[in-house]
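Bear in mind that the values here come from a model prediction, so they are computed numbers and not experimental data. Both counts, for ligands and for their atoms, begin at 1 and track the order of listing.
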Amino acid sequence: MKTNDPRQLYLQQTVQALQNVLARGLVGEPLQAQAEVVVGPRAGAVLLYTGLGAGRVLRYFATDHAAAARQFIGWPFTGEPGVFMSGRAVRIEVPWPDNLADTEVRLDRVGGSPKGQGRWKAGIDERGRVITAGVSDHIPHWLISGTTGSGKTVSLRAAGYQFAQDADQNRIVLIDGKFGSGLGVLHGLPGMVGPVATDVPTARDALAWVNRQMQQRYEKLTNAGEQALSGLPRIVVLFDEFQELVSDPAVRELTRRMLAQGRAANIHVLMGTQHPTIDAFGDDGSLKRNLVGRIALKVTDAKASQVALGDSLPRADRLAGKGDAYVVAPGHVYRAQMVLVDQRELDPAPRCDPLLREWPESQPQDYGQEPTVRWSYTGAELAQGLIAALRGWGRRNLMQSLANAGLGRPGADRASRLLVLGREQFAALAAAGHVLSEA
Ligand SMILES: Nc1ncnc2c1ncn2[C@@H]1O[C@H](COP(=O)(O)OP(=O)(O)OP(=O)(O)O)[C@@H](O)[C@H]1O
Ligand SMILES: [Mg+2]
């Protein structure tokens, strides 16, 4: 074992002190503790294996802000030790002082960006292994939470920058609740759909665009099956400071739909927010349920940690800030130092015009209705239904709507199909006497 690393020495001292006092009966009966140490980038960890004594050891060290554990830590630390069970071990995790912390994990150090499949190199774990995150069927969306200065913006920039390196597969939509100060620097990287949305009206327009894409993709799926989406780029929406925008009902509704329904349409969200409280997500728990991937940077308190991680342990309020994080994917929790992407990477990056100079203006019907009711019915019924529902839209619009829905002339006899209908439309159809049946 290398002994010229002061962090190793500190950890070994701590282990010895702990083993001695446990053997002398610190927590009741004398315990023989096997120990393992981990020199993480931002924290050192001691894992104590004490078999059946683990419960007692945990209780002894975890209570009172780890007051007992602090007595054995041989280095000057700021912040809080974390004590929790990790497998069969009692784990004591303590931040390094600034001069021993490793806060510069750049892309070149983790081997450049991964190509394809919606992945990005997010950070390194405490053993120095690269953590590759991704958006997929498995993890459609990520919640990135943290207090001010914790590293949300840097994490989002790192992901966005890597998505842009894969521009033929990714369409990137940027929404910034802090006037563009966070994600503005990504503007013009390849793959951007439109300008960075920095206010509520633009955020509505951008999100409505995404939702229209989603609807079109669902229609393709309905008509032609999953094959229809192969070759279409994934759409990734990056939010910085979501809490600043969520009070707008249209933003909230459009976001809710993307989170609930984006996965099948290959539409994904990385949501950075300071306050991952239930309130910030409205009263709809589905918002949170769909954010399967979690990057919890330092948060302010235990309650915020619980929401950020979806679990009460470990404690993200004990993290050290500046990219120190718990990364949670189903079945795994990693303490990570997030990749640092800043001017050094962004200044020389090639730029181009976004695909759209302006976002098309959104219309109230883009977010006024919930497309959550699915009904199946025949093509003829659908055609008549659309006529009723769209009465007043004019014939050209109607024909266009039918074409978009994959239908031929009104009255053409097509197989039963699925369509996502708004509740108001459904009510209008029912009122007009059309018989619909639930799929
Ligand atoms: N992954 C990282 N590696 C190294 N340093 C980082 C990392 N993330 C953040 N930092 C440091 O912390 C500072 C704040 O990070 P960032 O701007 O991402 O925080 P934030 O969570 O977006 O906070 P704010 O509320 O201020 O927007 C950065 O300027 C940088 O110095
Ligand atoms: Mg920020």
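- By the 4.0 Å heavy-atom criterion, Leu297 is excluded from the residues contacting ligand 1.
- Look at Glu80 and Arg70 and you find a salt bridge, because one of the NZ, NE, NH1 or NH2 atoms lies within 4.0 Å of a carboxylate O, short of that distance.
- Distances shorter than 4.0 angstrom occur between a heavy atom of Gln337 and an atom of ligand 1.
- Within the structure, ligand 1 has Gly149 among the residues with a heavy atom less than 4.0 angstrom away.
- Where the criterion is an N or O separation shorter than 3.5 Å, residue side chain and backbone included, Met338 meets it with respect to ligand 1.
- Those atoms of ligand 1 that come under 4.0 Å of a heavy atom in Thr147, given as number and element, are 21 (O).
- The side chain of Lys178, and not its backbone, has at least one atom closer than 4.0 Å to an atom of ligand 1 (non-hydrogen atoms only; side chain from C-beta on).
- For atom 29 (O) of ligand 1, the nearest protein heavy atom is 4.0 Å or more away.
- Below 30°, between 30° and 60°, or above 60°: for His268 and His141 the angle between ring planes is between 30° and 60°, a tilted geometry.
- Of the protein's heavy atoms, Thr103 O, 2.9 Å lies nearest to atom 4 (C) of ligand 1.
- Not one N or O on the side chain of Lys322 forms a donor-acceptor pair closer than 3.5 Å with the backbone of Gly149.
- Given atom 16 (P) of ligand 1, the protein heavy atom at minimum distance is Gly151 CA, 3.7 Å.
- In this structure, atom 10 (N) of ligand 1 lies nearest to the protein heavy atom Lys322 CA, 3.7 Å.
- A donor and an acceptor atom, one from each side chain of Asp205 and Ser362, are located under 3.5 Å apart.
- Between the side chain of Asp240 and the backbone N or O of Gly182 there is no donor-acceptor pair closer than 3.5 Å.
- One of the N, O or S atoms belonging to Thr153 lies under 2.8 Å away from the Mg ion (ligand 2).
- Atom 24 (P) of ligand 1 is approached by the protein to below 4.0 angstrom, counting heavy atoms only.
- The backbone N or O of Arg204 sits nowhere less than 3.5 Å from a side-chain atom of Tyr367 that would complete a donor-acceptor pair.
- In this structure, Arg106 does not pair ionically with Asp108, as no charged nitrogen and carboxylate oxygen lie closer than 4.0 Å.
- Remark: minimum distance from atom 18 (O) of ligand 1 to any protein heavy atom is reached at Val154 N, 2.8 Å.
- Distances from atom 20 (P) of ligand 1 to the heavy atoms of Glu241, Lys152, Arg106, Gln274 put Lys152 nearest.
- Between Arg7 and Glu126 there is no salt bridge, since no side-chain N of the basic residue sits under 4.0 Å from a carboxylate O of the acidic one.
- A donor-acceptor contact shorter than 3.5 Å links the side chain of Ser305 to the backbone of Ala316.
- In this structure, atom 26 (O) of ligand 1 lies nearest to the protein heavy atom Thr148 OG1, 3.2 Å.
- Trp142 pairs in a side-chain contact (heavy atoms from CB on, under 4.5 Å) with only one of the listed residues (Val328, Val269, Val327, Val292), which is Val327.
- Geometrically, ligand 1 and Asp240 share no nitrogen or oxygen pair separated by less than 3.5 Å.
- In this structure, atom 17 (O) of ligand 1 lies nearest to the protein heavy atom Thr153 CB, 3.9 Å.
- Proximity of Val339 to ligand 1, defined as any heavy-atom pair under 4.0 Å, is confined to the backbone N, CA, C and O atoms.
- A donor and an acceptor atom, one from each side chain of Glu241 and Gln243, are located under 3.5 Å apart.
- Using 4.0 Å as the threshold, Gly182 has no heavy atom nearer than that to any atom of ligand 1.
- With respect to Arg109 and Glu104, no salt bridge is recorded, no charged nitrogen being found less than 4.0 Å from a carboxylate O.
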